[in-house]
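Following: one structure in structure tokens, then a few remarks.
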Amino acid sequence: MNSPILTSVARFLLPVFVTFSVFLLWRGHNAPGGGFTGGLVASAGFALHALAYGPDRVRRALRVELRSLMGVGLGIALLAAILGLLGGSFFRAIWIHVGATHLGTPLLFDIGVYVIVVAVVLTILLIRAEDHA
Amino acid sequence: MAALATGVGALVFLYSFGYMSETESRGTFYPALAAFQAAMVGLVLADNGTLLFLFWELTSYSSFLLISHNAMSPAARRSAKNALFVTGLGGLGLLIPMSQYGPYLIHEGGHLGGSWIGIGCVVLAVMTKSAQFPFSGWLPGAMAAPTPVSAYLHSATMVQAGVYLSARLAPELGIVGPLLQHLGSATALFALFRICFAVDLKQILAFSTLGALGALMAQATIPALSGQAPIFLLFLVGHAFYKAGLFFVAGAIERSVGSRDVRSLRGLFWTMPVTGIAGFALAISALGLPFSLGGVGKSSLAHLPSLEPSLWLSAIGGVIAAYRVGIRPFVGARNLDLHPHESPAPMLASIGILAILGLAGGVAVSNGGSGSLSAGFLGPVSIAGVILLITARLHLRLGNGLEQAFRQLGVGIANMGLVFQWVFQGGQLSNYLRWVICSLGILLIWASTRGPALGFPAGITVAYPLDSLLIALAIIAAVTTAVLPSRLGAVAAMGIVGWAVAMVYSLYGAPDLAMTQLAVEVLTLILFVFTLGKLPRLPDRRNAKVRSRDATIAGLVGLGMASMCYLASNLSPLSSVSREIAERALPEAFGRNIVNVILVDFRALDTLGEITVLCVAGIGVYTLLRRRTPAPESSTESLRGGEQA
């Protein structure tokens, strides 16, 4: 789109969106947020960018193919599940406690969910955007 | 059985490296093969009736993909369709006992309980899968598959599934048991005829497998023998080894010479020595000679108390087949029209391994076995020799009629599908939506009438004004969506409904849900902006008939949903599970956000399924909507490959 407001705002807002989405992902376990919501917010940021600059710029900014991203996300989620085998059974949660924070396989799983949501939503959106352009 | 499926499967993969390197579109072959292997392993390991049915149908489906791998050939496509129809329909028979008795565990027994329909349907499933008479028509056609596929499907796995299941269920088959035995014998007889008269290497092998299956079926369904599983297994293992090996040999011959016609294959030993030796070794096992695994298997089967004549029939057939495939192509004077070369290494490796296993296994097992090993060998071989001499000069065409009948059946089913398509799938998306939504509405209403009868609420009290305001807003926006003539306006109005719902969520203490809902609304709006410009003009919405029909359908679904919601909110108090989850979230999962804890920890398996579905949806959208310039690795290369072949 040719609106200068949109282009300048989108350029500034994209990192804000992505940062916020990572923040949502991180705090998801103790406060509203989580992988799904974080992924959607990140996709919204990229979608805004696509509205302003066109889908090609977004694909280049992502640098990896979206389909590979989907596979990577699934792989991370499965890794979290299989790591649980170390702790006894499939999908058992394994936790490491660093001071007051708790890191564990559920967080890894959430990251996988995040990546997949971003990949799938952007796949659909960018294809439609390319058709539209 | 599972070890057999995976072990032979590994060899099949190895063999495929050599076989398939000259053909194209390998990308679809290996995943389909792996899927079939997984389905087969699941089938033999499954104890639950539901899982059994699932894997049963999965083997049918993946074998469909494998048989039709050479998609350019109409014969391959037709055979694959036939196979799918027959085995898939039969597999539905496994669904009946499940629906009557609920999920059941096979090892518990007693589930078919003398119910004619239940037994009959299972029998149907078994007979179609194992290509018993009269359902044998799909088996010869399935030889259109690439040879490694035929080797796997017909020697070690798929068709054995039916025999396997009937063996497991043998005690419960009751009256139908003898019927299966007779049909098994009939199959063996039928197979014997076809073995004598077939000219294609793979067809010969296919029919010999059929004969063995018929004999097995006849034996396995004798209830008195249900404790003899190890003997059956021994036979199966030996059979799988030599059958798969012979298939591999057939494929090797085909790859090097270009023909599978037995009539022209002679004297290949001089140029394909290793293959020839392996072929001899495999034939030894197939003939049932002493000290080979096949021989041990056959003779141990022959020593069972109740000896079926079908065993003799299949043994004779096996001998003839082994000779025609494993020995004859290699001996005799060289046919100078052929230009054979030795097989590539991967193929040789798999053939060799199977041949060696056949001989070594026999030696290993028979060291502790009985001494009268030769009894099972001399009889069939002598009779087979006589038959061979008789049939050597006869070229009759028997048994083709059955295949014709199956071809017609396949065409008939395809035509029926066309009729369905014409009625239900006119090509307009709005029609599809109407069918789906209408069915949904009917289903919802029917479901809510099945619940307990709750009276209407005594009165409506407005306890929370903010909620009511939001809901009223949502209702107005929904009506506006339906009424507005402009698409963009309707989308905006729908967005307002979504926003109002999100507000209600946040009012009721579900901020996660509200955030997700809002994000989805925003993204949907953006998606619509991208899409709306490209849509064709709306069909004539001013037509009263169309509008009233749509309104009825919409009203139906609305009524259904409303009654379901009403029932749901009045029927379930806070269940004990939620309370327990709330209590355990912090101490065990270190999380205060219970929703997130459920999603990624307590019920992570469900979430895994959800994100997999998301990926599938994404890939689907990508495949359907991508630009028309084909990717380099798909269609153009296969066309090029087709020209070279």
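Throughout, protein chains are lettered first and strands after them, A, B, ... in sequence-line order, and every chain is numbered starting at 1. When reading the values below, keep in mind they use all heavy atoms of this one structure, side chains included, and skip hydrogens, waters and symmetry mates.
Interatomic distance, CG of L74(A) versus CG of L614(B), reported as 9.5 Å (0.5 Å rounding). In this structure, S43(A) OG and H49(A) NE2 are separated by 14.5 Å, a value rounded to the nearest 0.5 Å.
Proximity to chain B involves both the backbone and the side chain of L125(A), based on heavy atoms less than 4.5 angstrom apart. Residue L40(A) touches chain B through both its backbone and its side chain, counting heavy-atom pairs closer than 4.5 Å. L599(B) touches chain A through backbone and side chain together, each having a heavy atom under 4.5 Å away. Looking at L122(A), neither its backbone nor its side chain comes within 4.5 Å of chain B, counting heavy atoms on both sides. Interface residue I124(A): backbone and side-chain heavy atoms are both found under 4.5 Å from chain B. With a threshold of 4.5 angstrom between heavy atoms, A44(A) approaches chain B through its backbone and through its side chain.
Between F23(A) and T19(A) the shortest side-chain heavy-atom distance does not fall below 4.5 Å.
There is a side-chain donor-acceptor pair under 3.5 Å between H29(A) and N596(B). Side-chain atoms of T516(B) and Y505(B) include no donor-acceptor pair closer than 3.5 Å. With no hydrogens or angles considered, a side-chain donor-acceptor pair links Y508(B) and D467(B) at under 3.5 Å.
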Where do E130(A) and R59(A) land on the salt bridge (Lys or Arg N to Asp or Glu O under 4.0 Å) test, with the steps shown first?
CA-CA 11 Å; E130(A) 278 162 4; R59(A) 285 202 201 269; 2.6 Å; yes

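Contacts with chain A (heavy atom to heavy atom, under 4.5 Å) involve no residue of residues 491-501 of chain B.
The main-chain N or O of P32(A) is found under 3.5 Å from a side-chain atom of R27(A) such that the two form a donor-acceptor pair.
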